[in-house]
Amino acid sequence: MKLGINLLCLTDFVEESHLDNIGRLRDLGYDGVEVPVLSGKVSHYERLGRELDGLGLGRSTTSIVPTPEANPVSCDADVRARGRAHLDW
């Protein structure tokens, strides 16, 4: 069995300054982390992925649909489209 932890317990946007704490999580026995993907650029997450590889940590992601106007399961096609666009980001 593998054990992971959601990094929302540290921050909603993982930066280089969080890497020491993430390394401590690895040292405590965690096998991976769940990275909040709420803002930022693809290049940031690519770099973070390389850092996590270097720490030997697996990862998954978590995100939030920010408003009812972007609900991917809405009955309204336009609202669904905005929700899918947000999730595609």
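This chain uses plain numbering: 1 for the first residue, then up along the sequence.
- Between His86 and Ser63, the closest side-chain pair of non-hydrogen atoms falls below 4.5 Å.
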Can you give each donor-acceptor pair under 3.5 Å made by side-chain atoms of residues 19-28, sequence neighbours left out, with the distance rounded to 0.1 Å?
unit_1: Asn21; atom_1: OD1; unit_2: Arg24; atom_2: NH1; d: 2.4
unit_1: Arg26; atom_1: NH1; unit_2: Leu55; atom_2: O; d: 3.2

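- Judged by distance alone, with hydrogens and angles left aside, the side-chain atoms of Asp31 form a donor-acceptor pair with the main-chain N or O of Leu3 at under 3.5 Å.
- In the displayed structure, Ile64 atom CD1 is contacted under 6.0 Å by at most 12 heavy atoms of other residues, nucleotides or ligands.
- His18 contributes atom NE2, which lies 6.0 Å from atom CG of Leu10 (distance to the nearest 0.5 angstrom).
- Counting heavy atoms from C-beta outward, Arg80 and Pro72 have side chains that stay 4.5 Å or more apart.
- The distance from atom CG of Asn6 to atom OG of Ser60, rounded to the nearest 0.5 Å, is 8.0 Å.
- Not one N or O on the side chain of His44 forms a donor-acceptor pair closer than 3.5 Å with the backbone of Glu15.
- Closest heavy-atom contact between Tyr45 and Val37: OH-CA, 3.7 Å.
- To the nearest 0.5 Å, the span separating CZ on Arg82 from CG on Asn71 amounts to 10.5 Å.
- Between Glu34 and Thr61, the closest heavy-atom pair is OE2-O, 3.5 Å.
- Val35 and Val65 sit in two unconnected hydrophobic clusters of ILVMFWY residues. Membership requires side-chain heavy atoms under 4.5 Å apart, directly or through other members.
- When all heavy atoms of Ile5 and Cys9 are compared, the pair lying nearest together is CD1-SG, 4.0 Å.
- Using modelled atom types, no side-chain atom of Arg59 and backbone atom of Val33 make a donor-acceptor pair closer than 3.5 Å.
- In this structure, the side chains of Leu38 and Phe13 stay at 4.5 Å or more apart for every pair of heavy atoms.
- Under the 4.5 angstrom side-chain criterion for Ile, Leu, Val, Met, Phe, Trp and Tyr, Val42 has no cluster partners at all.
- For the atom pair CG (Leu57) and NZ (Lys2), the distance works out to 10.5 Å, reported to the nearest 0.5 Å.
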